[in-house]
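All chains are named by letter (A, B, ...) in the order of the sequence lines, taking the proteins before the strands, and each is independently numbered beginning at 1.
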Amino acid sequence: MQKAILSGDEAVARAAWEAGVSVAAAYPGTPSTEILENITTYKDDIYCTWANNEKIATEIAIGASIGGMRALAAMKHVGMNVASDPIFSAAYTGVNGGLVIVSADDPGCHSSQNEQDNRLYAPHAKIGMLEPSDSQECKDFTKAAFELSERFDLIMMIRMTTRVCHSKSIVQLDQRENIQAKTYVSDPQKYAMLPVNARKRHIAVEANLEALKAYSYSSDINKTEINDTSIGIITSGISYMHAKEAFGDSASYLKLGITYPLSDRLIIEFAQKMKKIYVIEEGEGYLEEAVKALGIDCVGKQLLGSQGELNAQKVRIAFGLQAAGEGYATDKTAPPRPPVLCAGCPHRGFYHAMGKRKDKILAVGDIGCYSLGVNAPYNGFDIAICMGSGFSIPIGLSKALEMQNDTRKVFGILGDSTFFHSGFNSMVDAIHLGANVCLCVLDNSITAMTGHQENAGTQKNLMGYEVPAIDILQMIYSTGIDQTCVKIVDPIDQKAMGEAIDQALETDGPFVIVTKRPCALLKEVIKANKGAHCTVDPDKCVGCKACMKIACPAMAFEGKKANITDEASCTACGLCMQMCKFDAISKAGI
Amino acid sequence: MNLLFTGVGGQGTILTTKILSEALVHMGYDVKMSEIHGMSQRGGTVNTQLKYGTKIYAPNIGEAEADIIVAFEKAEALRALPFLKKGGSIVMDEREIYSMPVLIGQAEYPHDADEILSKCVEHVSVVPASRIAEELGNIKVQNICLLGALVKLLELQDINWDALIAQSVPPRMAEINQIAFKKGYDLISAKKELT
Ligand SMILES: Cc1ncc(C[n+]2csc(CCOP(=O)(O)OP(=O)(O)O)c2C)c(N)n1
């Protein structure tokens, strides 16, 4: 049998192919992005696509499932909030072709705005849930999920976490199963969720969950490992790995693979054999509460807490197997190294121009590379909550300021992908309501933060085919906004950028700025810029540090002079040149 | 064996870990490799972790659990110190990369990080991998030079590294990487003879 070292994401992609999936959709989001990216390897067999947001991705998958094909939708944990509307109601309809939703959670907030534990969604939404703990299980469980989805007429969720998604381990590969398409038969009572049908389907989904629960008792997706019976550990997903590494064979384990519905019988029978029960889980006390609800005494969150990512050492320390602080320490600390806007990043020009008018502006950011503008020296905005909110929070915020006679203008900031995700909906309301806000779309022609995924504004789709690019400007004009209140600028051009902001400040009512310049890391851009960089003439440089204010990582101040220290990453965007009053910086290598 | 690789976005820590895990799987070990990317791509700290042995459970390394820390940058070695197990080793490049807070004068760079670490940790090897890479004409091969040093330290020579490197990098980069590997490998033996 063929073996490969795969990440959890790669293994899910492989499983989708082996399980005979025909349609897969997602909106990118770390740590889930690589699932769809890897499914493109099988694009001859699987139609795969990015959607504008997670709700749409899920609905594409629901449509394919109802149409009789196996379908998958993948998203990061917060994406499931966006997708929850269709999930909660499609849970009632059940499936035709198997339907699997992959949720990739991010304990420790490695690249997210919160640490929400999506296991809690499963009972709430009434969908089945499997939790793999390594790449082999990612493959096995995803394949099993499709089977279970069809057998029990349920949506199944694969719940992963960053360490499962982004860790690589050895996986056995198999061939693609030949799955017959299921014919679509018109059945509004099952698929049209009007009250009269929904009431009946609610009964059906509860019965289907009961059936899955009964199956769960004897399923080999759950594993019982009996060693010493003085300690019994109930765990799931990656937490099993941490528990096993910490306790080894000195404890027994109930490793739950099916974590919704939970098999009460399995838990009770395991607990009866043990003197003491520990529940070891990352995030919320999801399993612990279920165990306690069965009247079983156990210890878990009280020792582990619910914040951050677990590791074996934390488990050892929490359960008293090892004292903390057996390593090394010094007094000296390393300086912080936050991620920064890249050299040549168009967002830098935007934030620099905004910074010059700071006292007149209160800015709301959003989630994307431009989120990095929150850091010094830009301090570009104060507020960032979730995708799309960059254009709707300003509506309420501007009202609140107005009521208190605060004359600052509220600016909203988001990128092209976020605009398509949900920002446009917010913009429509802002313009419709005549809100006194300036909405800025930082269009860098790609979904950059998550690693350059195509979006509705790009001319290629995920599979690499030519598609019509949707024009952001036409969308904005379609709202009927006075066209003189829409400014399109190159954000590196500080004169134009500044004028646009000034005009927005002078306007009472909605104003829109679209900054247009592609991400500096796009292949075409790198190619076009090849060899080009800026250079500082040390004779002309007076060491005034004006150019250092833009905080470009390609520049440093050395020996009382500014210098381009990283010519390879400098793109000769020329923003630093505009800072210099002494003409000391010029372009070279062009 | 628990290995923690730390560096700055763009230094090639992930490729290094990938090549090493490939080799370890060939040698019959159970291997788990864990990387965190996302925000960290944009010039932030990048950590990748590799664990190997007969059977590996958890993919990530907690505090005081690493046998070896391989630091591609000086200040990052200091930052990673809490992860080192008592008696473990640090292999660190002397290269300094200033973070934005340092560049804009909000934080100070610890130029003496190597000395501080050498004082409190018994086994520290400071290697000029980036200087060697620069002399070879491409700073990017710093990572493979460090890999060479690490392979020597771990005594993993029973693998055709030249072939493995060649299949892991673009063809035109194979030779320079192989040379960098050899130079890194020799760094450690030379050092051992000195002491
Ligand atoms: C609901 C939700 N889905 C996905 C993500 C992951 N995510 C963070 S930023 C981002 C892309 C932003 O792209 P864009 O708006 O074009 O800005 P850029 O990074 O290109 O500047 C995505 C998909 C998220 N944080 N929240």
Side-chain angles (χ1 to χ4, degrees), chain A residues 3 5 7 30-31 106 110-112 134 162-164 166-170 238 240-246 309-316 324-330 332-342 369 372 375-377 449-451 548-549 551 553 555-557 565 568-569, chain B residues 8-10 18 21-22 25 30-45 49 56-66 75-86 88 97-110 112-113 116-117 119-121 139:
Chain A
K3 278 199 290 188
I5 314 177
S7 70
T30 315
D106 190 18
H110 293 289
S111 29
S112 304
D134 64 10
T162 298
R163 289 294 166 182
V164 175
H166 284 177
S167 295
K168 296 201 174 214
S169 52
I170 302 165
I238 194 72
Y240 163 75
M241 296 297 182
H242 301 316
K244 180 77 188 186
E245 188 160 319
E309 192 178 36
L310 277 191
N311 56 50
Q313 193 74 328
K314 282 191 188 170
V315 172
R316 283 187 202 105
E326 287 182 75
Y328 294 96
T330 64
K332 191 112 178 187
T333 51
R337 194 185 296 279
V340 294
L341 296 175
C342 307
C369 282
L372 302 176
N375 295 327
M449 176 99 266
T450 40
M548 300 309 293
K549 290 200 183 108
M555 295 190 87
F557 199 74
T565 41
S569 66
Chain B
V8 176
K18 260 188 195 152
S21 33
E22 200 74 50
V25 170
D30 188 19
V31 176
K32 279 192 179 163
M33 163 188 168
S34 183
E35 59 189 67
I36 291 298
H37 48 246
M39 293 292 264
S40 44
Q41 279 175 342
R42 311 278 176 264
T45 301
Q49 319 187 338
I56 300 299
Y57 293 100
N60 50 328
I61 297 171
E63 293 204 344
E65 281 196 316
E76 293 311 317
L78 187 61
R79 196 190 314 283
L81 181 66
F83 288 91
L84 192 67
K85 188 187 278 179
K86 205 89 211 135
I97 301 176
Y98 302 147
S99 67
M100 196 47 74
V102 171
L103 287 174
I104 62 176
Q106 285 189 341
E108 228 176 287
Y109 190 89
D112 56 350
I116 297 172
L117 290 171
K119 264 186 217 143
C120 82
V121 177
I139 183 74

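Proximity to chain A (any heavy atom under 4.5 Å) is shown, for I97(B), by both the backbone and the side chain. Residue contact with chain A, scored on non-hydrogen atoms closer than 4.5 Å, is absent for F83(B). Proximity to chain B involves both the backbone and the side chain of T330(A), based on heavy atoms less than 4.5 angstrom apart. V121(B) touches chain A through backbone and side chain together, each having a heavy atom under 4.5 Å away. With a 4.5 angstrom heavy-atom cutoff, L341(A) does not touch chain B via any of its atoms. With a 4.5 Å cut-off on non-hydrogen atoms, N375(A) does not touch chain B at all. Residue contact with chain A, scored on non-hydrogen atoms closer than 4.5 Å, involves the backbone of K85(B) exclusively.
Of all the heavy atoms in K86(B) and G327(A), the pair that sits closest is NZ-O, 3.5 Å. In terms of heavy atoms, A329(A) sits closest to C120(B) at O-SG, 4.3 Å. Across Q313(A) and E63(B), no two heavy atoms sit closer than the pair NE2-O, 3.0 Å. When all heavy atoms of E326(A) and A64(B) are compared, the pair lying nearest together is C-CB, 4.3 Å. Across P335(A) and R79(B), no two heavy atoms sit closer than the pair O-NH2, 2.7 Å. Y328(A) and G88(B) get closest at one heavy-atom pair: OH-N, 4.1 Å.
Put simply, CD1 on I56(B) and CD1 on I170(A) are 10.0 Å apart, with the number rounded to the nearest 0.5 Å. The structure places CG of L81(B) at 13.5 Å from NZ of K332(A), a figure rounded to the nearest 0.5 Å. Expressed to the nearest 0.5 Å, how far CD1 of I61(B) lies from CG of N311(A) amounts to 9.5 Å. In this structure, OG on S167(A) lies 8.0 Å from CD on E35(B), to the nearest 0.5 angstrom.
The most heavy-atom pairs under 4.5 Å with chain A, out of K119(B), M33(B), K32(B), Q49(B), come from M33(B). Contact tally against chain A (heavy-atom pairs below 4.5 Å) for I104(B), N60(B), L103(B): the top residue is N60(B). Looking only at heavy-atom pairs under 4.5 Å with chain B, the residue among A243(A), S569(A), S169(A) that has the most is S169(A). For chain A, the option among E76(B), E108(B), E22(B) with the highest count of heavy-atom pairs below 4.5 Å is E76(B). For chain A, the option among G105(B), S21(B), A66(B), G62(B) with the highest count of heavy-atom pairs below 4.5 Å is G62(B).
Between I238(A) and P59(B), some side-chain heavy-atom pair lies under the 4.5 Å cut-off. Considering only heavy atoms from C-beta on, V31(B) stays 4.5 Å or farther from I5(A) through its side chain.
Remark: side-chain polar atoms of R337(A) are not paired, donor with acceptor, to backbone N or O of P101(B) under 3.5 angstrom. With S99(B) contributing its side chain and P336(A) its backbone, the two residues share a donor-acceptor pair below 3.5 Å.
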- Query: Given K3(A) and V25(B), is the side chain to side chain contact (heavy atoms under 4.5 Å, CB included) satisfied, shown in steps?
  - Reply: CA-CA 10 Å; K3(A) 278 199 290 188; V25(B) 170; 5.6 Å; no
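Annotation: salt bridge (Lys or Arg N to Asp or Glu O under 4.0 Å) contacts of K18(B) (sequence neighbours excluded): none.
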